[in-house]
Amino acid sequence: MSDDSVQPGGIALRDPFPGAPFPEAVRRFWRKYTVFTGRASRSEFWWWWLTSFAIGLVLQLVPQVFTPDAPLFENPVGAYLFMIWTLGTLVGSLALGARRLHDANLSGFWQFLHLAFGIGSLVLFVLFLLPSHPKGVRFDV
């Protein structure tokens, strides 16, 4: 399907979808997995972030049910499952983060702040909360 296709919400896949409902935000994440250009709305970004966080937490905790004597979050099976999930969604999450920053009229390269552990991620958290900026249209291709 091309980027010009209209999605269920009446928004083309290439455009940000303000107020995207949960299922549409997750669908758009997977359909635009390697797309670093364009923009993503706050709802697209945060619905995916919440979904990814919840899945990661479940992947760490479910193996705990089968080995209750192991310390919490120290189950190797849970750690492996979590790492597989993280690596499997890494490119898509970076692409979505870049598109979210573009929507706020910022370069996707701001994500390198993740390398400054702690403070860098906190700064990015604030940047991801910024509202859409009309000049962000410059990132549309």
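Side chains are part of it too, since the values below use all heavy atoms of this structure and drop only hydrogens, waters and symmetry mates.
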_Hydrophobic cluster membership, Phe125 vs Leu106, 4.5 Å side-chain cutoff_ = yes

OG1 (Thr86) and CG (Leu81) are apart, to the nearest 0.5 Å, by 10.5 Å

Review point. For the side chain of Lys32 and the backbone of Leu13, is there at least one donor-acceptor N/O pair under 3.5 Å apart?
Key: yes

Taking every heavy atom of Leu130 against every heavy atom of Ala104, the minimum-distance pair comes out as CB-CB, 3.9 Å

d(Asp103 CG, Arg100 CZ) to nearest 0.5 Å is 4.5 Å

Answer yes or no: is there a donor N or O on one side and an acceptor on the other, between the side chain of Arg99 and the main chain of Gly38, under 3.5 Å?
no

Taking every heavy atom of Ser43 against every heavy atom of Ala20, the minimum-distance pair comes out as OG-N, 2.7 Å

Parallel, tilted or perpendicular: ring planes of Phe139 versus His102, cut at 30 and 60 degrees = parallel

Hydrophobic cluster membership, with links at side-chain heavy-atom distances under 4.5 Å among I/L/V/M/F/W/Y: are Phe82 and Tyr80 in one?
no

One should read off an interatomic distance between Thr89 OG1 and Ile84 CD1, to the nearest 0.5 angstrom, of 12.0 Å

Next on the checklist: Looking only at side-chain N and O atoms, does Ser52 offer a donor or acceptor that is under 3.5 Å from a partner on Trp85?
Outcome noted: yes

Nearest heavy-atom contact between Gln111 and Phe128 is OE1-CZ, 4.4 Å

- request: Check for a donor-acceptor pair, side chain of Glu44 on one end and backbone N or O of Phe29 on the other, with a separation under 3.5 Å.
  value: no

Smallest heavy-atom separation, Val91 atom then Phe36 atom, equals O-CZ, 3.9 Å

Distance col, row Leu113:CG vs Ser121:OG, nearest 0.5 angstrom, shows 8.5 Å

All heavy atoms of Arg42 vs all of Leu129, minimum pair found to be NH1-O, 3.1 Å

**Study point:** Transitive ILVMFWY side-chain link Trp110 to Leu90, under 4.5 Å
**Key:** yes

Taking every heavy atom of Val58 against every heavy atom of Pro63, the minimum-distance pair comes out as O-CD, 4.2 Å

- Neighbour count >12 (heavy atoms, 6.0 Å) for atom OH, Tyr33: yes

Among the clusters formed by ILVMFWY side chains lying less than 4.5 Å apart, do Phe112 and Leu96 turn up in the same one? no

query: Are Val77 and Val62 close enough that some pair of their side-chain heavy atoms sits under 4.5 Å apart?
result: no

Distance flag, aromatic centroids of Trp49 and Phe53, threshold under 6.0 Å
yes

- Are side-chain heavy atoms of Pro23 and Trp47 found at a separation under 4.5 Å? no

Check Arg14 with Asp140, please: is the shortest side-chain N to carboxylate O separation under 4.0 Å?
no

Test of understanding: clusters of I, L, V, M, F, W, Y form through side-chain heavy atoms closer than 4.5 Å, transitively. Do Trp46 and Phe22 belong to the same one? yes

